[in-house]
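Here's the structure, in structure tokens; my notes come after.
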Number of protein chains: 2
Amino acid sequence: MSTTKDRLLDSAEQLFSREGFSSTSVRQITAAAGVNLAALNYHFGSKEQLISAVFARRLGPLNEERLGLLERCSRESEGGVPSLRASVTALVGPALRLSQDPDRGGERFMLLMGRAFSEPGHGVEELVLRQFEELAQRFFPVFRHHLGDLSEETFFWRIHFLIGAMAHTMAASKRLDFVSGGCCSLDNPEAAVGRLVDFVVAGLRAPDRVETKP
Amino acid sequence: MSTTKDRLLDSAEQLFSREGFSSTSVRQITAAAGVNLAALNYHFGSKEQLISAVFARRLGPLNEERLGLLERCSRESEGGVPSLRASVTALVGPALRLSQDPDRGGERFMLLMGRAFSEPGHGVEELVLRQFEELAQRFFPVFRHHLGDLSEETFFWRIHFLIGAMAHTMAASKRLDFVSGGCCSLDNPEAAVGRLVDFVVAGLRAPDRVETKP
DNA sequence: GTCTATATGGGGATAGAC
DNA sequence: GTCTATCCCCATATAGAC
């Protein structure tokens, strides 16, 4: 039997992903969860703290999975440094698989990640960026090891593009349907991971043609 | 002298980009514009129609610029087909330059584009996708001409990644500051365009390693 | 075209009984 | 932990005078 707290988290995740944070009222959430209006404030204190809780529930395990994969690749590689392809896969694979797993929020949670940045003022942006810092500390040095030819500026720009391609793939599968006229979809996560990694690794490895200003 | 209508559009653009659509009230908008509350409904009919108007004002000229650039490249190329690099530049260049031009909404409008997709229910998503269709009709055949080796499915996935990298670059310059520890920024749009094009063209051209299912 | 005043409805949060 | 009832505030939209 699911607890009141869990039902609130589930209903909130679903409604926030469909309607946005501001457009979703606590009355809608409690009604959908089949619990009393006052239970929300009792368990979470406020609507804002509920929003944070919705994110924290998914983000922790996701990032642990990414770090665990990276570590496994490190141990299995000679020299202790995983290949660029393997490390990019460790970063984007868990996220894309999560986005197709209905038991862990599936597509809903990925839509929410997009919203975290584009609908500010709920404290979520900070939460997500803080979680990201831990990833950066572990992943960036590995990337840098394979991309020593790039200037520092170009290196970070490339990371930025990588994040963009990944975020868009997670959050915008509906737009993929649209641009492809229906011929592509995300139902095969492993193929999507492969395609994303192909694209990103080639982009990261492109020669650095932009002069850094002196 | 700016008209009431323009002042409402400017204030709305600014507030929507900072706070989101639902969180911004018509009272805030009219107060910031220094006009009467009722003027908003008089000129635009409703808050929703104002939102659409904010987008339509910027999106039309932007896409015309992109199509114009593509056409110019076509005329200047032998055979009438511009290079992959030139056509990608025609697509992403105007958007990145716009995002740095305060006279045309600058960064504000780019944040709004992100919000258009992540805060639904205001009719904006449809508006943006409709505008995008015209771009697709002109740009996609050129891209396909240079990427004949890819399966159709992989081709559209690559376009999807291209859009992701572009959208993220436009909307998320603050996150670039963050991931780079402050060493990168968007103040030099031409360098940013160059870096984005380098990354994207290399990604598009990567060999197709994913088997299409039979 | 612009204003004031108001109609009408919903929002988040809480006090206090059970 | 859960409920009811309620406080107080703000939302969008419009009617009707100027």
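Everything quoted here is computed from the prediction, not taken from an experiment. Just so it is clear: chains get the letters A, B, ... in the order the sequence lines come, proteins before strands, and each one is counted from 1.
- Rounding to whole angstrom units, CD1 of residue B:I51 and P of D:dA11 are separated by 15 Å.
- A straight line from CZ of A:F44 to C1' of C:dG12 spans 16 Å, rounded to a whole angstrom.
- In this structure, the NE2 atom of B:H43 is 15 Å from the P atom of D:dT14, given to the nearest Å.
- For the pair B:S25 and D:dA11, the criterion of a side-chain N or O lying under 4.0 Å from OP1 or OP2 is met.
- Judged by distance alone, with hydrogens and angles left aside, A:R27 brings no side-chain donor or acceptor close enough to the base of C:dG10 to form a pair under 3.5 Å.
- Applying ring pair (Phe, Tyr, Trp, His ring centres under 6.0 Å) to B:H122 and the options B:F117, B:F21, B:F55 leaves one that passes, B:F21.
- One interatomic measurement links the two molecules: CD of B:Q49 to P of D:dA13, which rounds to 9 Å at whole-angstrom precision.
- One finds no salt bridge joining B:K174 and A:E125 here, because no Lys/Arg side-chain nitrogen approaches an Asp/Glu carboxylate oxygen to under 4.0 Å.
- By the 30° and 60° cut-offs, the orientation of the rings of B:F161 relative to A:F199 is tilted.
- Using a 4.0 Å cut-off, no side-chain N or O of B:T4 falls inside it from OP1 or OP2 of C:dG1.
- Because its NZ or CZ atom is not both nearer than 6.0 Å to the ring centre of A:F139 and within 45° of the ring axis, A:R66 does not count as a cation-pi partner of that residue.
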Take B:R18 and B:L15 through the side chain to side chain contact (heavy atoms under 4.5 Å, CB included) test and state the conclusion after the steps. CA-CA 5 Å; B:R18 282 215 313 259; B:L15 285 163; 3.7 Å; yes
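- Rounded to a whole Å, the CG atom of A:L37 is 17 Å from the P atom of C:dG16.
- Nucleotide C:dG11 holds its C1' atom 15 Å from the CG atom of A:L15, rounded to whole Å.
- The separation between A:K47 atom NZ and C:dT14 atom C1' is 17 Å, rounded to whole Å.
- Contacts of B:S23 with the nucleic acid, taken as non-hydrogen atoms under 4.0 Å apart, are absent.
- Each of C:dG1, C:dA15, D:dA15 was ranked by its minimum atom distance to the side chain of B:A38; first place goes to D:dA15.
- As judged by a 4.0 angstrom heavy-atom cut-off over every strand, B:A39 is placed among residues making no nucleic acid contact.
- With D:dT6, D:dA13, C:dT2 as the candidates, the nucleotide lying closest to the side chain of B:N41 is D:dA13.
- Within 4.0 Å (heavy atoms only), A:L40 reaches no atom of the nucleic acid at all.
- At whole-Å resolution of the value, CG in B:L50 and C1' in D:dA11 are 15 Å apart.
- Listed nucleotides C:dC3, D:dT4, C:dA13 differ in distance to A:N36; the shortest reach to its side chain belongs to D:dT4.
- At the heavy-atom level, A:S22 lies nowhere under 4.0 Å from the strands shown.
- Comparing C:dG11, C:dA13, D:dT2 against the side chain of A:Y42 picks out D:dT2 as the nearest.
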